[in-house]
Amino acid sequence: MSRYKEYQYIEDLGKYVGQTVTLNGWVYNTRGKGKLQFVILRDGTGIAQCVVFKDNLSEEGFERAKSLTQESSIKVTGVVVASDKAPGGFEVDVRELEIYQLSMDYPITPKDHGDAFLLENRHLWLRSSRQHAIMRVRAAIVKAVRDFFDGNGFKLMDSPILTPNACEGTSTLFETKYFDLGNAYLSQSGQLYAEASAMALGKVYTFGPVFRAEQSKTRKHLTEFWMVEPEMAFFDLNDDMDLAEDMVEYIVQYTLKTCRKELEVLERDISKLECIKRPFYRMSYTDAVGWLNDNNIPLIKKIDNKDVESPFPWGEDFGSTQEEAIMEQFDKPCIIHRYPAEIKTFYMKRDPENPKVALAMDMLGPEKAGELIGGSQREDNFDWLLERIKHEELPEAEFQWYLDLRKYGSVPHSGFGLGIERMVKWITGAKHIREVIPMPRMITRIVP
Ligand code: 4AD
Ligand code: MG
């Protein structure tokens with residue numbers, strides 16, 4: 001296909017049975033004695049057993065095979081043989097073996113290491129089979145997202161990362177100096193710019209890293225994460241929820257189709273994903289509060305360092321306790337919609353039928369996945385939006401361009417944001433979000 005394809009890859013071994021191939025990779029493991037050595041090789045695409053029989057290669061070649069250590073980098077030439085016993089179903093009968101570099105004292109061994117040690121060695125930890133599988137699933141999920149939007153008439157319109165204003169509240173902003181223009185902020189969400197893009201191109205999505213100086217040290221929060229945010233002119237909240245469900249179903253089913261092997265390595269219960277098909281569940285915030293109180297799930301607040309319980313009051317935001325309790329009954333995602341306007345962001349449109357609630361929605365995932373998606377219909381009335389901006393004491397001057405969108409051909413429009421890592425965590429069944437991004441950024445970690 002291309003002039004770069006000089007070598008073969010482990011994932012393609014099935015195509016070469018009976019033929020000689022050359023593989024490049026790293027030594028995962030070795031065993032053997034006497035005239036027979038087994039080298040388990042990984043090349044990024046998979047793992048293959050290489051059988052090194054003394055009589056089949058040069059004397060130096062066999063000595064080199066015997067000297068191999070974990071994570072040494074090598075080049076192997078041999079004949080591909082079908083074998084039921086070998087991982088992946090094929091093995092390589094080695095004829096020559098060369099060493100790029102012998103690796104000395106590789107720090108990550110098959111024994112159990114603590115989390116802190118693995119995180120410090122994240123640059124190496126990525127090579128282990130579990131991390132390898134998670135990263136491949138992540139790549140598939142990102143591809144599914146792009147395919148879904150590209151295939152449904154959306155245009156990619158990326159938003160800037162350096163911005164003059166806040167999108168999702170001012171408490172989680174990363175600030176940086178910006179030449180003579182004062183302070184800039186790392187974007188918390190590409191949404192506001194996506195709205196401008198949607199007024200130009202109709203249906204758009206922005207997909208990039210976003211930043212939040214989150215004080216939350218949970219299994220679900222990063223300070224840098226990836227978000228895909230579609231924004232659609234003329235969509236109302238209902239259209240928005242329909243689209244979110246279509247997208248999630250597509251991503252899960254695509255991953256199931258393309259990542260069987262990876263999900264097997266991760267020992268993921270596939271049946272929990274196979275059932276992720278529409279219709280999903282939907283519930284208004286008000287009904288959810290009723291459900292919590294019917295089921296005696298209280299609000300717990302810390303007062304004077306003591307946990308104080310009360311019935312769940314309308315108007316309070318859900319925490320993970322409430323979200324998980326609600327989701328316990330569901331095998332598929334559930335969208336909670338029409339939250340109290342006071343606990344939601346300034347740009348959300350009030351429900352004309354009940355101005356106390358915003359036309360907002362959150363999609364919660366099953367299996368304690370938490371909030372996967374947050375979205376809303378946007379305020380499209382100039383005066384009401386200006387009032388919200390003033391009420392929140394946001395810098396009006398920086399929002400003039402955003403208000404312009406309500407001045408020149410304002411239309412109903414909606415959108416949402418999906419946190420990619422939340423999705424990868426749920427689909428892979430990873431215990432902690434730090435495992436599902438190559439280099440996690442958290443309050444207490446920026447290295448490597
Ligand atoms: O609910 P959020 O804050 O919504 C927005 O940012 C909107 N502007 C999106 C839009 O309407 N275009 O964030 C959206 C999603 C959440 O549902 C969650 O999946 C993820 O982003 N998320 C995080 N993921 C990892 N770490 C964090 N600290 C996250 N905060 C939000
Ligand atoms: Mg949210």
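Just so it is clear, the model here is predicted, and its values are computed rather than measured. Heavy-atom basis, side chains included; hydrogens, waters and symmetry copies ignored.
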Looking at Phe117, I want to see if its CZ is surrounded by more than 12 non-hydrogen atoms of other residues, nucleotides or ligands under 6.0 Å. yes
State whether Arg278 and Glu249 are salt-bridged, where the test is any N-O pair (Lys NZ or Arg NE/NH1/NH2 against Asp/Glu carboxylate O) under 4.0 Å. yes
Atom of Gly46, atom of Ile10 and distance for their closest heavy-atom approach: O-CD1, 3.5 Å
Within a strict 4.5 Å, meaning less than it, do heavy atoms of the Arg127 and Arg42 side chains meet? yes
Lys/Arg-Asp/Glu bridge criterion (N-O < 4.0 Å) met for Lys301, Glu309: no
My understanding is that only residues two or more places apart in sequence, or in another chain, count here; which of them pass side-chain hydrogen bond (donor to acceptor under 3.5 Å, both in side chains) with Ser72? Thr69
Pairing donors with acceptors under 3.5 angstrom, does anything connect the side chains of Tyr402 and Asn165? no
Go through it in stages, so that I can follow the logic: the residues are Lys75 and Thr22, the test is side-chain contact (heavy atoms from CB on, under 4.5 Å), and I'd like the CA-CA distance, side-chain angles, deciding distance and then a yes or no. CA-CA 7 Å; Lys75 176 164 153 175; Thr22 296; 3.8 Å; yes
Residue pair Pro230 / Met232, side-chain heavy-atom distance below 4.5 Å: yes
Using a strict threshold of under 4.0 Å (side-chain N to carboxylate O), is an ion pair present between Asp331 and Lys272? no
With side chain to side chain donor-acceptor pair (under 3.5 Å) as the test, would you mind laying out the steps for Glu168 and Gln188 before giving the verdict? CA-CA 6 Å; Glu168 294 297 320; Gln188 301 160 306; over 6 Å; no
Going by ring-ring contact (aromatic ring centres under 6.0 Å, His included), name the residues that satisfy it together with Tyr281, two or more places apart in sequence or in a different chain. Phe330
Locate the shortest heavy-atom distance separating Thr255 from Leu263; write the atom from each residue and the value. O-CD1, 4.3 Å
Given the options Thr45, Leu13, Val94, Thr77, Leu23 meets side-chain contact (heavy atoms from CB on, under 4.5 Å) only with Leu13
Find out whether Ser284 and Ile336 are in side-chain contact, i.e. whether some heavy atom of one side chain is under 4.5 Å from a heavy atom of the other. no
Are the charged groups of Glu96 and Arg64 less than 4.0 angstrom apart, N to O? yes
Partner of Tyr16 by side-chain contact (heavy atoms from CB on, under 4.5 Å), out of Val79, Val92, Val21: Val21
Strictly by modelled atom types, are Tyr347 and Gln191 linked by a side-chain donor-acceptor pair under 3.5 Å? yes
Salt bridge or not between Arg434 and Glu421? Use side-chain N to carboxylate O under 4.0 Å. no
State, without any angle test, whether Asn24 and Tyr100 hold a side-chain donor-acceptor pair at a distance under 3.5 Å. yes
Would you sort out whether Arg31 and Gln37 count as a side chain to side chain donor-acceptor pair (under 3.5 Å), showing the intermediate values? CA-CA 6 Å; Arg31 64 195 156 81; Gln37 293 288 325; over 6 Å; no
Do Pro164 and Leu181 come within less than 4.5 Å of each other through their side chains, counting heavy atoms only? no
Between Lys203 and Glu231, does any NZ, NE, NH1 or NH2 come within less than 4.0 Å of an OD or OE carboxylate oxygen? no
Please tell me if the side chains of Met442 and His221 come closer than 4.5 Å, counting only heavy atoms from C-beta onward. no
Is the CG atom of Asn183 crowded by more than 12 outside heavy atoms at less than 6.0 Å? yes
Within the side chain of Ser159, is there an N or O that forms a donor-acceptor pair under 3.5 Å with the backbone of Gly190? yes
Taking every heavy atom of Ile99 against every heavy atom of Ser67, the minimum-distance pair comes out as CD1-OG, 3.8 Å
Ion pair check, Lys431 and Glu367, cut-off under 4.0 Å: no
Look only at the side chain of Gln131 and the backbone of Leu126, and say whether a donor-acceptor pair between them is shorter than 3.5 Å. no
Is Arg138 close to Val424 at the side-chain level, that is, under 4.5 Å between some pair of heavy atoms? yes
Contact between Gln70 and Trp26 at the side-chain level, heavy atoms closer than 4.5 Å - yes or no? no
Polar contact flag, side-chain donor to acceptor under 3.5 angstrom, Ser129-His132: no
Set out, in order, the CA-CA distance, both residues' side-chain angles and the distance that settles side chain to side chain donor-acceptor pair (under 3.5 Å) for Asp150 and Tyr205, then state yes or no. CA-CA 9 Å; Asp150 294 344; Tyr205 69 106; 2.7 Å; yes
May I ask you to check whether over 12 heavy atoms, not counting those of Asp105, lie within 6.0 Å of atom CG? no
Grab the two heavy atoms, one from Pro107 and one from Asn121, that are nearest each other, plus how far apart they are. CG-OD1, 4.2 Å
d(Glu435 CD, Met135 CE) to nearest 0.5 Å is 8.0 Å
Between the side chains of Glu11 and Arg136, is the shortest nitrogen-to-carboxylate-oxygen separation below 4.0 Å, so that they form an ion pair? yes
Thr223 (side chain) donor-acceptor with Arg441 (main chain) under 3.5 angstrom: yes
Salt-bridged, Asp362 to Lys344, with N to O below 4.0 Å? yes
Got a sec: does the CD of Glu393 have more than 12 other heavy atoms crowding it under 6.0 Å? no
Would you call Glu274-Arg260 a salt bridge at under 4.0 Å N-O? yes
Any donor and acceptor pair, going by atom type alone, linking the side chain of Arg445 with main-chain N or O of Val447 inside 3.5 Å? yes
Side-chain contact test, heavy atoms from C-beta onward, threshold under 4.5 Å: evaluate it for Val81 versus Val17 and give yes or no. no
Tell me, yes or no, whether the heavy-atom count around Asp84 atom CG, taken from other residues, nucleotides or ligands under 6.0 Å, exceeds 12. no
Checking the side chain of Arg268 only, and the main-chain atoms of Ile427 only, is there a donor and an acceptor separated by less than 3.5 Å? yes
Classify the angle between the aromatic ring planes of Tyr285 and Tyr339 as parallel (below 30°), tilted (30 to 60°) or perpendicular (above 60°). tilted
Look at the side chain of Asn152 and the backbone N and O of Phe148, then say whether any donor-acceptor pair between them is shorter than 3.5 Å. yes
Heavy atoms only: give me the nearest Cys259-Ala140 pair and the separation to one decimal. SG-CB, 3.5 Å
ring-ring contact (aromatic ring centres under 6.0 Å, His included) assessment of Phe346 paired with Phe399: CA-CA 12 Å; Phe346 75 96; Phe399 281 96; 5.5 Å; yes
For Ile433 and Arg422, what are the C-alpha separation, side-chain angles and deciding distance, and is it a side-chain contact (heavy atoms from CB on, under 4.5 Å)? CA-CA 7 Å; Ile433 198 165; Arg422 297 274 177 95; 4.3 Å; yes
Centroid-to-centroid, Phe312 to Phe318, below 6.0 Å? yes
Measure from the side-chain N and O atoms of Lys332 to the backbone N and O of Pro279, and report whether any donor-acceptor pair falls under 3.5 Å. yes
Go through it in stages, so that I can follow the logic: the residues are Val265 and Lys261, the test is side-chain contact (heavy atoms from CB on, under 4.5 Å), and I'd like the CA-CA distance, side-chain angles, deciding distance and then a yes or no. CA-CA 6 Å; Val265 170; Lys261 271 193 296 189; 5.7 Å; no
Just checking, is any N or O donor in the side chain of Glu229 or Ser189 under 3.5 Å from an acceptor N or O on the other one? yes
Heavy-atom nearest pair, Trp125 first then Leu118, reads CE3-O, 3.5 Å
